[in-house]
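Inspection log for the structure reproduced underneath, given as structure tokens.
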Number of protein chains: 2
Amino acid sequence: MNKAIGVIDSGVGGLTVAYELMRQLPKEQLIYLGDTARCPYGPRVNDEVRTFTWEMVDFLMKKDIKMLIVACNTATAFTLNELKSNMSIPVIGVIKPGARAAINETKTNHIGVIGTEGTIRSNAYTKALNDIHAGLQVQSLACPSFVPMVEQGMLNGEQAEAMVTRSLYSLTQQEELDTLILGCTHYPLIKHTIQHVMGRDVAIISSSEETAREASTILEFRNLLYKGHNTPFHQFYSTGQMEVFATITEEIFKEFIDHFHSVTIEKAIL
Amino acid sequence: MNKAIGVIDSGVGGLTVAYELMRQLPKEQLIYLGDTARCPYGPRVNDEVRTFTWEMVDFLMKKDIKMLIVACNTATAFTLNELKSNMSIPVIGVIKPGARAAINETKTNHIGVIGTEGTIRSNAYTKALNDIHAGLQVQSLACPSFVPMVEQGMLNGEQAEAMVTRSLYSLTQQEELDTLILGCTHYPLIKHTIQHVMGRDVAIISSSEETAREASTILEFRNLLYKGHNTPFHQFYSTGQMEVFATITEEIFKEFIDHFHSVTIEKAIL
């Protein structure tokens with residue numbers, strides 16, 4: 001029997017990770033849980049994020065998943081180590097994959113990281129980068145306006161560009177910086193605007209894309225890849241407003257839903 | 001105590017993997033063994049490659065390595081599964097990392113693979129790609145002239161360009177192909193020439209770069225990353241002509257050798 005990959009997020013940001021999982025691992029099935037009722041996690045304190053995350057994990061563990069992906073940078077920063085040491089299935093966060101991809105990409109060894117206040121305050125990216133490579137210069141910047149912007153559907157256009165330009169100003173002044181990590185799973189949805197503001201010589205690393213890539217690596221390493229030929233059946237759960245969640249989910253996964261016809265979107269009671 | 005990462009190759013091609021390991025994991029130490037006396041493995045039969053590979057593995061296991069990287073595509077194609085099931089340390093080949101990176105990269109789902117006759121004949125890339133993603137179109141091509149070309153130091157210039165153009169002709173005619181895997185660890189040394197021949201719209205995937213990236217992923221997953229602050233001490237062994245091997249090694253690792261002053265290059269008796 002094929003078990004699913006479980007994906008948790010504070011809201012809809014982690015859908016970019018789910019999208020990449022479907023694209024890079026089209027045989028695997030997913031169970032996604034977005035805690036939209038309590039989103040955003042970015043400004044919350046450590047203990048609150050931990051409690052909420054464990055509630056989501058418990059919900060998914062009852063569905064017998066084979067791997068857990070913490071698709072929220074804030075939750076990864078605060079809970080990943082604890083989850084890893086307490087769970088028997090592989091647990092993957094979104095921070096280390098982005099860090100490793102940036103190290104692979106950079107030529108100047110000067111890397112930028114943008115994320116929520118919580119993620120940046122936790123210093124998790126700087127630590128992850130320097131644990132592997134002590135010679136890196138890392139510039140972190142919290143961009144608290146980006147998540148609300150994305151949740152409101154403001155993904156491009158003049159207003160979005162102006163807001164991104166204002167937020168990233170200090171990073172655009174760093175001439176040596178050649179790689180920027182999108183340290184929040186909402187940000188891939190405004191990647192084009194960010195790329196435009198940073199200029200085409202700066203490589204933009206999407207932690208969503210890289211996390212899916214590493215999920216593939218670890219599944220193979222642990223011999224957990226699905227080898228059958230059944231059509232995957234994906235389940236999407238949200239703790240909050242179903243209408244908005246369903247609209248966004250259907251919008252993001254249009255191509256896959258059209259293709260597979262096997263998705264459910266339901267309310268989750270934690 | 002910090003144990004080393006062991007790297008085996010049929011000759012000098014795997015040095016591109018070692019280079020990437022040093023670049024992406026600068027704290028880790030390496031023990032490299034190149035079977036230059038019996039290179040190339042590409043045209044050899046399965047059993048011979050298996051015997052030679054196990055001899056190299058035995059040599060490195062006596063040195064108590066924490067991870068084995070099979071940095072030769074031919075050896076990976078013929079022996080990886082056997083090594084993985086018989087060894088207690090993590091074993092990584094060069095084929096799956098390249099395959100996963102190509103899946104992440106492609107937009108048209110049309111991927112090219114070039115390698116030695118042995119690698120292409122084994123069908124290992126096509127299998128690795130289709131195991132993960134059944135919807136891919138894969139075009140494989142053996143390029144038997146590339147390894148001798150590289151071993152002779154013919155890395156660019158008119159003659160190299162002409163030879164690469166001739167070899168890759170059938171692939172350049174595939175309009176939908178947007179990603180090309182360098183399925184031989186020698187090929188990153190002629191990457192610029194290959195990129196030039198294929199055109200800038202084709203993404204060139206270096207299995208060396210991607211293998212180092214995945215070594216980083218697995219070391220972290222297995223909690224094997226070195227956390228101390230000692231300068232890494234790298235050992236390079238060759239079974240054949242020491243002079244040529246030492247010259248190539250010093251040429252490739254100039255920047256690292258200048259930096260660390262801690263490399264030995266020795267003859268290996270298997």
Side-chain angles (χ1 to χ4, degrees), chain A residues 20-28 67 80-81 84-85 90-93 95-97 99-107 109 127-136 205-206 208-223 225-232 256 259-260, chain B residues 20-28 67 80-81 84-85 90-93 95-97 99-107 109 127-136 205-206 208-223 225-232 256 259-260:
Chain A
E20 285 297 330
L21 287 165
M22 283 194 208
R23 191 177 70 80
Q24 298 183 42
L25 290 166
K27 293 183 180 179
E28 300 295 333
M67 167 180 266
L80 186 70
N81 289 340
K84 278 176 104 162
S85 18
V91 183
I92 293 184
I95 291 177
K96 299 269 171 88
R100 276 186 282 269
I103 288 172
N104 185 8
E105 191 66 39
T106 185
K107 286 176 182 66
N109 286 346
K127 204 183 158 317
L129 289 161
N130 284 329
D131 273 356
I132 301 173
H133 191 324
L136 296 173
I205 305 291
S206 147
S208 306
E209 206 176 304
E210 302 302 333
T211 301
R213 157 84 187 277
E214 297 210 354
S216 182
T217 307
I218 301 294
L219 284 174
E220 188 233 326
F221 181 74
R222 288 284 301 267
N223 204 19
L225 281 171
Y226 177 57
K227 296 197 174 73
H229 298 281
N230 290 334
T231 301
F256 297 109
H259 195 238
F260 293 124
Chain B
E20 285 296 329
L21 287 166
M22 283 194 206
R23 191 177 69 81
Q24 297 184 44
L25 290 165
K27 292 182 180 180
E28 299 296 333
M67 167 181 265
L80 187 70
N81 289 340
K84 277 176 105 163
S85 21
V91 183
I92 295 184
I95 290 177
K96 298 271 172 87
R100 275 187 282 270
I103 289 171
N104 184 7
E105 191 65 37
T106 184
K107 285 175 185 66
N109 286 346
K127 205 182 158 317
L129 289 162
N130 283 330
D131 273 357
I132 300 174
H133 191 325
L136 295 173
I205 304 291
S206 148
S208 306
E209 204 175 306
E210 302 301 333
T211 301
R213 158 82 188 279
E214 296 210 354
S216 181
T217 307
I218 301 294
L219 284 174
E220 189 233 325
F221 181 73
R222 289 284 300 267
N223 205 16
L225 281 171
Y226 177 57
K227 296 196 174 72
H229 298 282
N230 291 334
T231 300
F256 297 109
H259 194 238
F260 294 124

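Since this is a predicted model, take the numbers as computed values, not measurements. Letters A, B, ... mirror the listed sequences (proteins, then strands); counts begin at 1.
Ranking A/Gln24, A/Arg100, A/Lys27 against chain B, the residue ahead of the rest is A/Arg100, based on heavy-atom pairs under 4.5 Å. Interface check for chain A: of the options B/Leu219, B/Ile103, B/Thr106, B/Leu225, the most heavy-atom pairs under 4.5 Å are formed by B/Ile103. Of all the listed residues (A/Ile132, A/Asn109, A/Leu25), the one sharing the greatest number of non-hydrogen pairs under 4.5 Å with chain B is A/Ile132. Counting heavy-atom pairs under 4.5 Å between each of A/His229, A/Glu220, A/Lys96 and chain B puts A/Glu220 at the top.
Contact annotation: the side chain of B/Ile95 never approaches that of B/Thr211 to less than 4.5 Å [non-hydrogen atoms, C-beta and beyond]. Residues B/Leu21 and B/Glu28 form no side-chain contact, since every pair of their non-hydrogen atoms from C-beta on lies 4.5 Å or further apart.
Using a 4.5 Å cut-off between heavy atoms, A/Ala101 contacts chain B through both its backbone and its side chain. Heavy atoms of A/Glu20 lying under 4.5 Å from chain B belong exclusively to its side chain. For chain A, no part of B/Lys227 is nearby; none of its heavy atoms comes within less than 4.5 Å.
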Take A/Ile205 and A/Glu210 through the test side chain to side chain contact (heavy atoms under 4.5 Å, CB included) and record every step on the way to the result. CA-CA 8 Å; A/Ile205 305 291; A/Glu210 302 302 333; 3.9 Å; yes
Run the salt bridge (Lys or Arg N to Asp or Glu O under 4.0 Å) test on B/Glu214 and A/Arg213 for me, step by step, so that the C-alpha distance in whole Å, both residues' side-chain angles and the decisive distance to 0.1 Å come before the verdict. CA-CA 10 Å; B/Glu214 296 210 354; A/Arg213 157 84 187 277; 3.1 Å; yes
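Residues meeting the salt bridge (charged side-chain N to carboxylate O under 4.0 Å, His left out) test with A/Glu209, sequence neighbours left out: none. In this structure, the side-chain contact (heavy atoms from CB on, under 4.5 Å) partners of B/Lys127, at least two apart in sequence or on a different chain, are B/Asp131.
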